[in-house]
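Report on the structure given below.
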Amino acid sequence: MNIKELIQETKQRIEDIQIETAKELEEFRLKFLTKKGELTELFNAFKEIPNEEKREVGQLLNQLKQSAQGKFDERKEVVEESVGEEVKYDKTLPGVNVSQGSRHPLSIVQNNMIDIFKQMGFSISEGPEIEDDWHNFSALNFPENHPARDMQDTFFIDKDISLRTHTSSVQVRVMENEDPPIRTISPGRVYRNEAISARSNSFFHQIEGLYIDEGVSFADLKQTLFLFVQQFFGEKTKVRFRPSYFPFTEPSAEMDIYLGTATEEDYRLTKGTGWLEILGCGMVDVNVLKNCGIDTEKYSGFAFGMGVERIAMFQYGIKDIRTLFENDIRFLEQFKSLG
Ligand code: DAH
């Protein structure tokens, strides 16, 4: 047989071969398409033929190669599809369980708080966690070198840049950028350079509130917070306001809710008084309003700020703040039904 006949004969055999299974496909590949296969042998023989025949034989050989490769590709698709189908449609296999995540307890508490304030017409605003001195301190009426700055242990990044120590910084940004009436809450993470213990962590979360309009009084502040407490902790919850001090509010107060001392846990949480402090608040200091470009002849307002961890810990009986940040699935899964 000369080479042309050999090519013809191989072509015929390739066409006649039946390929139905993966095994037959692999046999075909080994027989024809590998380096040691029949086609390679033909290409080797091709090198030996006289030059004048090379053009014609070369074309025949290339056609042969293409049809072998074409057959392989086509049968491969068919064979693989049928294998895939068997797996895809095996209805007797048990289903794969998709494990369901759960919201973090802090998110649950924060979302509940946000919902209540939203109903009262508050918008949500956010600010940066890396903050400059102006927004975190100066605009909020903390004079330079004033001891009030030591109320919050600060992580400094630079002389004038720090991690925000409270979300009160966002009030400043909102007042600088918006005209009254302003009704907004600012949830977010804050940082303090404190020793980490069961009661305090170097970062935690706050929700800040700000209300600026004409004729806003302390009575409005009390009523707003009272409504919040009734909705969040229950209709019958008793509250009290205690005078306090914050540089950015005048007058300032802290609000407590009454738990009583009946259970050991309530006694411990309230240090025997029955009262649990949940937030700081007050009428926004005139200096702060001025610093933020608000017309103090026309407008007044109140602000408040509360820690989310403290309230979450109280609500869910969490004794150690650090468990909120360890991401232990066994802890987090307990909140599955709530979020
Ligand atoms: N920024 C205060 C803190 O982190 C909380 C606070 C108190 C916020 C009184 C306020 C406020 O807006 O009026 O301790």
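For this chain, numbers begin at 1 and follow the sequence in order. Start at 1 and go down the list; that is how both ligands and their atoms are numbered. Side-chain atoms are counted along with the backbone in the values below, which use heavy atoms only and exclude waters and symmetry mates.
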Exercise. Just do the side chain to side chain contact (heavy atoms under 4.5 Å, CB included) check on Phe228 and Met120 with the steps written out, would you?
Key: CA-CA 9 Å; Phe228 164 73; Met120 294 192 229; 4.1 Å; yes
Taking only Lys NZ, Arg NE, NH1 and NH2, and the carboxylate oxygens of Asp or Glu, determine whether Arg199 and Glu309 approach each other closer than 4.0 Å.
-> no
### Message
Any carboxylate oxygen within less than 4.0 angstrom of a Lys/Arg side-chain nitrogen, looking at Arg13 and Glu38?
### Response
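Between Glu38 and Arg13 there is a salt bridge, with a charged N closer than 4.0 Å to a carboxylate O.
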What residue among Ile257, Asp256, Thr261 forms side chain to side chain contact (heavy atoms under 4.5 Å, CB included) with Thr270?
->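 Exactly one pass, corresponding to Thr261.
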In chain-and-number order, ligand 1 lies under 4.0 Å from a heavy atom of each of Gln152, His166, Ser168, Gln171, Arg192, Gln206, Glu208, Phe246, Phe248, Thr249, Gly280, Cys281, Gly282, Ala303, Phe304, Gly305
Exercise for review: Ignoring hydrogens and angles, state whether a donor on the side chain of Glu214 or Tyr299 is under 3.5 Å from an acceptor on the partner side chain.
Suggested key: no
Worksheet item: Which word best sums up how the rings of Tyr191 and Phe203 line up, parallel for under 30°, tilted for 30 to 60°, or perpendicular for over 60°?
Response: tilted
